[in-house]
Peer 1: 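Below you'll find the structure I mean.
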Amino acid sequence: QERNPRGIPKAPFIADVDEYLGPTPDVETALKEFQAALAKYRYMDHNLAQRRRGLEEKIPDIKKTLSMVEFLQERREGKSSTDAGDDDLTDDDDLDDEDAEGPKKPLQTTFELNDTLYAEAELEDTDTVYLWLGANVMLSYKIPAAISLLGSKLEAAEASLQTVVEDLEFLREQITIMEVNTARVYNWDVKRRRELREKE
């Protein structure tokens, strides 16, 4: 049976119902098989739709975190902080000025505690960040390692989302084919029964 790259079987289109059912047609069994296949396709569609929603929520969070870590690296390297693009940051006027007599002023910023709750903070110059990895696990990373990790996570999540979207489109096509097959066999059976009644 033909399958897509992720192993999802392709639904066969029944072009000729007479040929498909054969000389001793068992319409009820054929319709049950179609309904079972439809149930499997819909189950996969439901699971992939949930996965798609999860990825669509996760990707912006990764991008936001990566943007902040890159901003911290640029700040450490003395580059312009105006390209950070983070609305949560409130920079001092002389944030980017290298002060030969002492360290830079702490970064004044706000950070998100919850969906609608933010807190103010001062960030000292640092070369370490802490990343949530899930399951209540947080690890510290040097900034370059954190950028590398977040970049790979973002790339993997975007590739996974693209795959899920392709699979959803494929599944919906197979669901449509199976629904058409069901309608064709059912209508064929109705017509056959009518013809038998007329002969009788």
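Side chains are part of it too, since the values below use all heavy atoms of this structure and drop only hydrogens, waters and symmetry mates. In this text, all values refer to a predicted model and were calculated from it rather than measured experimentally. Just so you know, residue 1 is the first one in the sequence shown, and it goes up from there.
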Peer 1: Ignoring hydrogens, what is the shortest heavy-atom contact between L55 and A157? Give both atom names and the distance.
Peer 2: CD2-O, 4.1 Å
Peer 1: Looking at every non-hydrogen atom in both residues, tell me the closest pair between P9 and Y41 and how far apart they are.
Peer 2: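 P9 and Y41 have their closest heavy atoms at O-OH, 2.7 Å.
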Peer 1: To the closest 0.5 Å, what do you measure between CZ (R193) and CD (E198)?
Peer 2: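 The CZ atom of R193 sits 14.5 Å away from the CD atom of E198.
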Peer 1: Taking all non-hydrogen atoms of both residues into account, name the closest pair between A146 and V129 and its distance.
Peer 2: CB-CG2, 3.5 Å
Peer 1: Looking at side-chain heavy atoms only, is the closest gap between L139 and L131 below 4.5 Å?
Peer 2: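 The answer is no; the side chains never approach within 4.5 Å.
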Peer 1: Heavy atoms only: give me the nearest L113-A119 pair and the separation to one decimal.
Peer 2: CD1-CB, 3.8 Å
Peer 1: Would one find more than 12 heavy atoms of other residues, nucleotides or ligands at under 6.0 Å from atom CD of Q50?
Peer 2: yes
Peer 1: What do you reckon, is OH of Y141 surrounded by more than 12 foreign heavy atoms closer than 6.0 Å?
Peer 2: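 Enclosed: over 12 neighbouring heavy atoms sit under 6.0 Å from OH of Y141.
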Peer 1: Under 3.5 Å, is there a donor-acceptor pair between the side chain of S160 and the main chain of A156?
Peer 2: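 Looks like no, no N/O pair under 3.5 Å.
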Peer 1: Could you report the tightest heavy-atom contact between L21 and D26, atom names first, then the distance?
Peer 2: CD2-O, 4.4 Å
Peer 1: Between the side chain of R75 and the main-chain N/O of D125, is any donor-acceptor distance below 3.5 Å?
Peer 2: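 No; judged by distance alone, with no hydrogens or angles, the pair does not exist.
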Peer 1: For R192 and D189: C-alpha separation, side-chain torsions, deciding distance, then whether salt bridge (charged side-chain N to carboxylate O under 4.0 Å, His left out) applies.
Peer 2: CA-CA 5 Å; R192 181 179 67 97; D189 187 47; 2.8 Å; yes
Peer 1: With a 4.5 Å limit on heavy-atom distance, are the side chains of P12 and Y20 in contact?
Peer 2: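 Of all side-chain heavy-atom pairs linking Y20 with P12, none is under 4.5 Å.
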Peer 1: Quick one: CG on L161 to CD1 on I59, what's the gap to the nearest 0.5 Å?
Peer 2: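 So the gap between those two atoms works out to 4.5 Å.
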Peer 1: Which is it for E169 and R52 under the salt bridge (charged side-chain N to carboxylate O under 4.0 Å, His left out) test, yes or no, and what are the steps along the way?
Peer 2: CA-CA 12 Å; E169 290 173 358; R52 178 182 182 174; over 6 Å; no
Peer 1: For N181 and I14, indicate whether the former's side chain and the latter's backbone hold a donor-acceptor pair under 3.5 Å.
Peer 2: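 It does hold such a pair.
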Peer 1: Closer than 3.5 angstrom, by distance alone: can the side chain of D16 be matched with the main-chain N or O of D18 as a donor-acceptor pair?
Peer 2: yes
Peer 1: Yes or no on salt bridge (charged side-chain N to carboxylate O under 4.0 Å, His left out) for K32 and E28, after CA distance, side-chain angles and deciding distance?
Peer 2: CA-CA 6 Å; K32 282 181 179 176; E28 188 175 339; 3.5 Å; yes
Peer 1: Give, for atom CE of M178 and atom NZ of K40, the distance between the pair rounded to the nearest 0.5 Å.
Peer 2: 10.5 Å
Peer 1: Are Y186 and L196 connected in a single hydrophobic cluster, I mean Ile/Leu/Val/Met/Phe/Trp/Tyr linked by side-chain heavy atoms less than 4.5 Å apart?
Peer 2: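 Not linked; separate clusters.
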Peer 1: Distance check, rounded to the nearest 0.5 Å: E122 atom CD versus Q108 atom CD?
Peer 2: 4.0 Å
Peer 1: Pick out which of T29, V180, T182 makes a side chain to side chain contact (heavy atoms under 4.5 Å, CB included) with F34.
Peer 2: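 Exactly one option meets the side chain to side chain contact (heavy atoms under 4.5 Å, CB included) with F34, and it is T182.
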Peer 1: Give a yes or no on whether L133 and I62 share a hydrophobic cluster (residues Ile, Leu, Val, Met, Phe, Trp, Tyr; joining criterion: side-chain heavy atoms under 4.5 Å apart).
Peer 2: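 Per the 4.5 Å side-chain linkage, L133 and I62 are co-clustered.
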Peer 1: For residues L154 and L66, report the shortest heavy-atom separation together with the two atoms involved.
Peer 2: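 Closest pair (atom of L154, atom of L66, distance): CD2-CD2, 4.1 Å.
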Peer 1: OG1 of T109 to CZ of F71: how many Å apart, nearest 0.5 Å?
Peer 2: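 One finds 7.5 Å between OG1 of T109 and CZ of F71.
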Peer 1: Do you reckon L171 sits in the same ILVMFWY cluster as V165, going by side-chain contacts under 4.5 Å, direct or chained?
Peer 2: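 Linked within one cluster.
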Peer 1: Are the side chains of K142 and T128 in touch, meaning some heavy atoms are under 4.5 Å apart?
Peer 2: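 Yes, their side chains come closer than 4.5 Å.
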Peer 1: Does OH in Y130 sit with more than 12 non-hydrogen atoms of other residues, nucleotides or ligands closer than 6.0 Å?
Peer 2: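 Check fails, neighbour count at 12 or below.
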Peer 1: How many angstroms lie between CZ in R51 and NZ in K58, if you round to the nearest 0.5 Å?
Peer 2: 9.5 Å
Peer 1: Give a yes or no on whether a salt bridge exists between R172 and D45, defined as a side-chain N under 4.0 angstrom from a carboxylate O.
Peer 2: yes
Peer 1: Does CZ belonging to R6 count more than 12 external heavy atoms closer than 6.0 Å?
Peer 2: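 Atom CZ in R6 is packed in, count exceeds 12.
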Peer 1: Stepwise, does the side chain to side chain contact (heavy atoms under 4.5 Å, CB included) test hold for L72 with M68?
Peer 2: CA-CA 6 Å; L72 291 174; M68 186 62 206; 4.0 Å; yes
Peer 1: Can you tell me if Q174 uses its side chain to pair, donor with acceptor, with the backbone of F170 under 3.5 Å?
Peer 2: yes
Peer 1: Taking the side chain as everything from C-beta on, heavy atoms only, tell me whether E57 gets closer than 4.5 Å to D61.
Peer 2: no
Peer 1: Given side chains that start at C-beta, do those of W132 and T65 come closer than 4.5 Å, heavy atoms only?
Peer 2: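 Counting from C-beta outward, W132 and T65 never come under 4.5 Å.
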Peer 1: Check for me, please, whether I177 and L48 land in the same ILVMFWY cluster - side-chain distances under 4.5 Å, paths through other members count.
Peer 2: no
